[in-house]
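Here's the structure, in structure tokens; my notes come after.
This is a predicted model, so every value here is computed, not measured.
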Amino acid sequence: MLKKGSKLNSILTGSCPRCQNESMYTDKNPLHFSKILKMNDNCSHCGLKYQIEPSFFYGAMYVSYALNVALSVAVFFIAYLFIHASLKTTFIAIIISNIVLFPFVLRWARNIYINMFVSFDKKYKK
């Protein structure tokens, strides 16, 4: 499932979508907020330029929106339908989950977005 060459591997690990040999980010930990969006310019292994065009990752905002909606719906179903929490408590749970998972959703959105345009190529050489 997370073997090298799968898009899911690249998305969850934040590795280069073309070669999957190194992280796209200068700091792998998304909880270091000052460095959360700092990316390497190119992959040192295959040479892929991550910023494919100016403002490339603005499109990741749409992916982030979809991820946050999916997260909110999931939390709603879990809290309201399965745990039988009140509506007020359910919405507080949604807000808290979105705040807590913000750095992960932000990175996953960027990872998903670049993987929409770049595919794994095991034979690619610099």
Side-chain angles (χ1 to χ4, degrees):
M1 182 166 149
L2 282 179
K3 64 181 180 168
K4 187 174 179 180
S6 71
K7 289 211 182 269
L8 192 58
N9 178 38
S10 178
I11 290 168
L12 294 179
T13 61
S15 58
C16 172
R18 185 187 291 159
C19 68
Q20 296 183 3
N21 284 327
E22 76 169 20
S23 176
M24 294 188 295
Y25 301 96
T26 57
D27 187 358
K28 287 186 178 184
N29 188 350
L31 298 177
H32 294 155
F33 295 120
S34 63
K35 299 177 184 177
I36 195 167
L37 294 178
K38 299 237 192 286
M39 298 179 74
N40 297 317
D41 292 328
N42 298 323
C43 176
S44 63
H45 187 266
C46 70
L48 175 68
K49 184 178 178 184
Y50 297 129
Q51 191 81 358
I52 296 171
E53 60 185 29
S55 305
F56 174 72
F57 286 107
Y58 281 145
M61 290 187 302
Y62 297 104
V63 177
S64 177
Y65 178 77
L67 289 173
N68 279 311
V69 167
L71 173 66
S72 298
V73 168
V75 170
F76 176 81
F77 278 118
I78 291 169
Y80 191 70
L81 298 177
F82 295 125
I83 300 176
H84 303 292
S86 69
L87 205 53
K88 183 178 178 181
T89 306
T90 300
F91 284 111
I92 291 171
I94 290 171
I95 291 168
I96 290 171
S97 67
N98 280 328
I99 291 171
V100 168
L101 294 176
F102 152 76
F104 300 101
V105 170
L106 190 64
R107 286 250 178 123
W108 290 335
R110 280 188 167 212
N111 297 346
I112 290 169
Y113 193 68
I114 196 167
N115 272 280
M116 292 163 124
F117 298 98
V118 181
S119 295
F120 179 73
D121 186 3
K122 66 181 176 183
K123 296 176 184 170
Y124 188 85
K125 301 269 191 216
K126 199 174 192 182

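Scanning for side chain to side chain contact (heavy atoms under 4.5 Å, CB included) contacts around I83 gives I78, with sequence neighbours left out. By the side-chain hydrogen bond (donor to acceptor under 3.5 Å, both in side chains) test, S23 is found to be paired with no residue, residues two or more places apart in sequence or in another chain being considered. With sequence neighbours excluded, no residue forms a side chain to side chain contact (heavy atoms under 4.5 Å, CB included) with S34.
Applying the side chain to side chain donor-acceptor pair (under 3.5 Å) definition to pairs two or more places apart or across chains, none involves residues 46-60. Residue pairs meeting the ring pair (Phe, Tyr, Trp, His ring centres under 6.0 Å) criterion with at least one partner in residues 60-79, sequence neighbours excluded, are F76-Y80.
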Residues 97-114 side chain polar contacts: donor-acceptor under 3.5 Å, at least two apart:
from: S97; atom 1: OG; to: A93; atom 2: O; distance (Å): 3.2
from: S97; atom 1: OG; to: I94; atom 2: O; distance (Å): 2.9
from: N98; atom 1: ND2; to: S72; atom 2: OG; distance (Å): 3.1
from: N98; atom 1: ND2; to: I94; atom 2: O; distance (Å): 3.4
from: R107; atom 1: NE; to: I36; atom 2: O; distance (Å): 2.9
from: R107; atom 1: NH1; to: D27; atom 2: O; distance (Å): 3.2
from: R107; atom 1: NH1; to: K28; atom 2: O; distance (Å): 3.2
from: R107; atom 1: NH2; to: D27; atom 2: O; distance (Å): 2.8
from: R107; atom 1: NH2; to: I36; atom 2: O; distance (Å): 3.2
from: N111; atom 1: OD1; to: Y25; atom 2: OH; distance (Å): 2.7
from: N111; atom 1: ND2; to: I11; atom 2: O; distance (Å): 2.8
from: N111; atom 1: ND2; to: R107; atom 2: O; distance (Å): 3.3

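There is no path of hydrophobic side-chain contacts, each under 4.5 Å, that joins F57 to L37. L67 is not connected to I96 by any chain of hydrophobic side-chain contacts under 4.5 Å among Ile, Leu, Val, Met, Phe, Trp and Tyr, and they are in different clusters. Cluster membership check: M39 shares its hydrophobic cluster with L31, using side-chain heavy-atom separations under 4.5 Å among Ile, Leu, Val, Met, Phe, Trp and Tyr.
Looking only at side-chain heavy atoms (C-beta outward), P17 and L48 come within less than 4.5 Å of each other.
A pairwise comparison of heavy atoms in N42 and E22 identifies O-OE2, 3.8 Å as the closest pair. Listed here is the closest heavy atom pair of K7 and V118: NZ-O, 3.1 Å. S10 and Q20 make their closest contact through CB-NE2, 3.5 Å (heavy atoms, listed as atom of the first residue, atom of the second, distance).
Annotation: the span from T90 atom OG1 to I95 atom CD1 amounts to 11.0 Å, rounded to 0.5 Å.
In the hydrophobic clustering, where aliphatic and aromatic side chains (Ile, Leu, Val, Met, Phe, Trp, Tyr) are joined below 4.5 Å either directly or transitively, F120 stands alone.
T13 contributes a side-chain N or O that, together with a main-chain N or O of N9, makes up a donor-acceptor pair within less than 3.5 Å.
A side-chain N or O of N21 and one of K4 form a donor-acceptor pair less than 3.5 Å apart.
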